[in-house]
Q: 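Sharing a structure, written as structure tokens. Questions coming.
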2 protein chains.
Amino acid sequence: MLKKNLNASVIFHVIKLSETWKRNGDAITQQFGITTQQWLILLLLAKDPNILYFKDNPQEKPMMAKELAEAMNVSRANITNLLNVLIRKKLVVQLEDIHDKRRKRLTLTEAGKKLVDKMEFVRQEYNKRLFAKFSKADKLQFTEFIDTCLQAMRHDNLVK
Amino acid sequence: MLKKNLNASVIFHVIKLSETWKRNGDAITQQFGITTQQWLILLLLAKDPNILYFKDNPQEKPMMAKELAEAMNVSRANITNLLNVLIRKKLVVQLEDIHDKRRKRLTLTEAGKKLVDKMEFVRQEYNKRLFAKFSKADKLQFTEFIDTCLQAMRHDNLVK
DNA sequence: GAAAATAGTTAACCATGTTAATTAATTATG
DNA sequence: CATAATTAATTAACATGGTTAACTATTTTC
């Protein structure tokens with residue numbers, strides 16, 4: 001017999017919230033003919049400063065597939081597949097690094113940049129309504145809670 | 001050029017957190033030979049009171065596949081597939097409803113119940129360490145933030 | 001100059017999800 | 001009460017997103 005438990009409740013809340021957002025995200029991206037995963041790559045290539053990866057990994061040069069894989073926590077093979085779609089859609093171009101021919105640098109095309117800008121507008125309007133009821137302090141406290149969790153998971157090896 | 005924005009930051013935080021948890025969840029469930037999705041079904045059949053679905057949908061009778069689909073926000077066809085695996089593993093049994101032969105009531109087998117109990121122990125130890133730094137009030141505030149977001153998404157149609 | 005490391009691709013695969021069509025049982029209705 | 005509509009579940013065909021393992025090509029290291 002399972003009992004009420006605040007810790008478990010916290011986790012189910014986060015899962016529910018991120019599922020719901022994912023669904024809404026899909027609804028937004030579909031309008032622009034891409035998937036949420038593809039959007040995330042575009043935002044990474046546009047170096048959206050709100051993405052957590054950039055805190056520990058500031059980027060000067062155009063990103064490589066390897067870095068996308070790290071940022072998104074998926075395999076490189078998977079990134080290859082996702083990128084192929086974006087390249088076919090002419091939203092991203094891949095250029096060999098001059099100093100190291102193994103590397104390929106990824107940048108947004110003009111069309112890619114334009115798409116990000118268009119989607120950015122929709123995203124901001126959506127977020128404004130979503131978070132209307134919260135103060136800046138509320139939101140900061142919320143993200144600090146998450147940062148603390150993420151740190152706990154980084155330091156400990158919580159899964160034995 | 002994308003700028004810093006607290007709303008966007010909140011969303012990326014939640015995405016990162018739920019991804020990390022999902023990965024840790026997978027690591028836990030793998031040890032027991034099931035997937036995270038299959039675990040979720042077992043917890044629903046065990047009526048874990050921390051699952052948000054039960055707040056609005058208290059269940060007296062054993063659940064049906066249709067209800068699992070609702071709770072997990074996926075198609076019924078998908079639930080059929082997931083259940084087939086659990087039934088093959090003899091963790092779940094399906095019995096025709098006496099009053100309505102269309103319906104099939106799902107219950108955990110003894111093995112299913114035992115598995116849930118074993119996993120519950122691991123889950124609780126994991127959570128205890130994960131949330132060590134937070135007070136009850138911290139956690140309540142956090143879940144209230146999420147409840148407010150979920151409500152905002154339910155009422156408005158945020159995606160135009 | 002050979003061995004090791006790095007970046008990327010390809011191929012084969014699995015889990016999870018979808019929609020559309022079908023079967024069977026129950027409920028509503030004219 | 002017979003027929004139509006609804007409900008629950010399944011099946012089949014398919015898309016997507018993810019994996020690992022094997023491979024190629026290029027740099028780095030020793």
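First the proteins, then the strands, lettered A, B, ... as listed; each starts at 1. Quick caveat, the model's predicted, so the values are computed rather than measured. In what follows, every heavy atom counts, from backbone to side chain, and hydrogens, waters and symmetry copies are set aside.
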Q: What's A/Arg103 touching, base or sugar-phosphate or nothing? Going by heavy atoms closer than 4.0 Å.
A: sugar-phosphate

Q: Determine the contact category for B/Asp100: base if any of its heavy atoms lies under 4.0 Å from a base atom, sugar-phosphate if only primed atoms, P, OP1 or OP2 are that close, otherwise nothing.
A: sugar-phosphate

Q: Closest-nucleotide mapping onto DNA chain D: is B/Ile79 or A/Arg76 further toward the 5' terminus? I mean the 5' end.
A: B/Ile79

Q: Which nucleotide, D/dT10, C/dG8, D/dT20, lies nearest any side-chain atom of A/Ala77?
A: D/dT20

Q: Who pairs with A/Glu70 by salt bridge (charged side-chain N to carboxylate O under 4.0 Å, His left out), at least two apart in sequence or on another chain?
A: A/Lys66

Q: Which residues in residues 33-43 of chain B have a heavy atom closer than 4.0 Å to any atom of DNA chain D?
A: none

Q: May I ask you to verify if any side-chain N or O of A/Lys101 is less than 4.0 angstrom from the OP1 or OP2 atom of C/dG8?
A: no

Q: Closer than 4.0 Å, any side-chain N/O of B/Ser75 to the OP1 or OP2 of C/dT18?
A: yes

Q: Please classify the nucleic acid contact of B/Leu82 as base, sugar-phosphate, or nothing, using heavy-atom distances under 4.0 Å.
A: sugar-phosphate

Q: Carefully, step by step, assess B/Arg103 and B/Glu96 under the rule side-chain contact (heavy atoms from CB on, under 4.5 Å).
A: CA-CA 6 Å; B/Arg103 301 176 180 205; B/Glu96 254 186 16; over 6 Å; no

Q: Which nucleotide in the set D/dT10, C/dT19, D/dG18 lies at the smallest distance from any side-chain heavy atom of B/Thr80?
A: D/dT10

Q: Tell me which of A/Val74 and B/Arg102 sits closer to the 5' end of DNA chain D, going by the nucleotide each one is nearest to.
A: B/Arg102

Q: I need the residues from residues 52-70 of chain A with at least one non-hydrogen atom less than 4.0 Å from DNA chain C; give them sorted by number, or say none.
A: A/Met64, A/Ala65, A/Lys66

Q: State whether a side-chain donor-acceptor pair under 3.5 Å links A/Asp48 with A/Asn50.
A: yes

Q: Measure from the side chain of B/Gln94, starting at C-beta and using heavy atoms only, and say which of C/dG8, D/dA9, C/dT18 lies closest.
A: D/dA9

Q: Check whether the side chains of B/Ser75 and B/Asn78 place a donor and an acceptor atom closer than 3.5 Å, and report yes or no.
A: no

Q: Verify whether one side chain among A/Asn7 and B/Lys128 offers a donor that lies under 3.5 Å from an acceptor in the other.
A: no

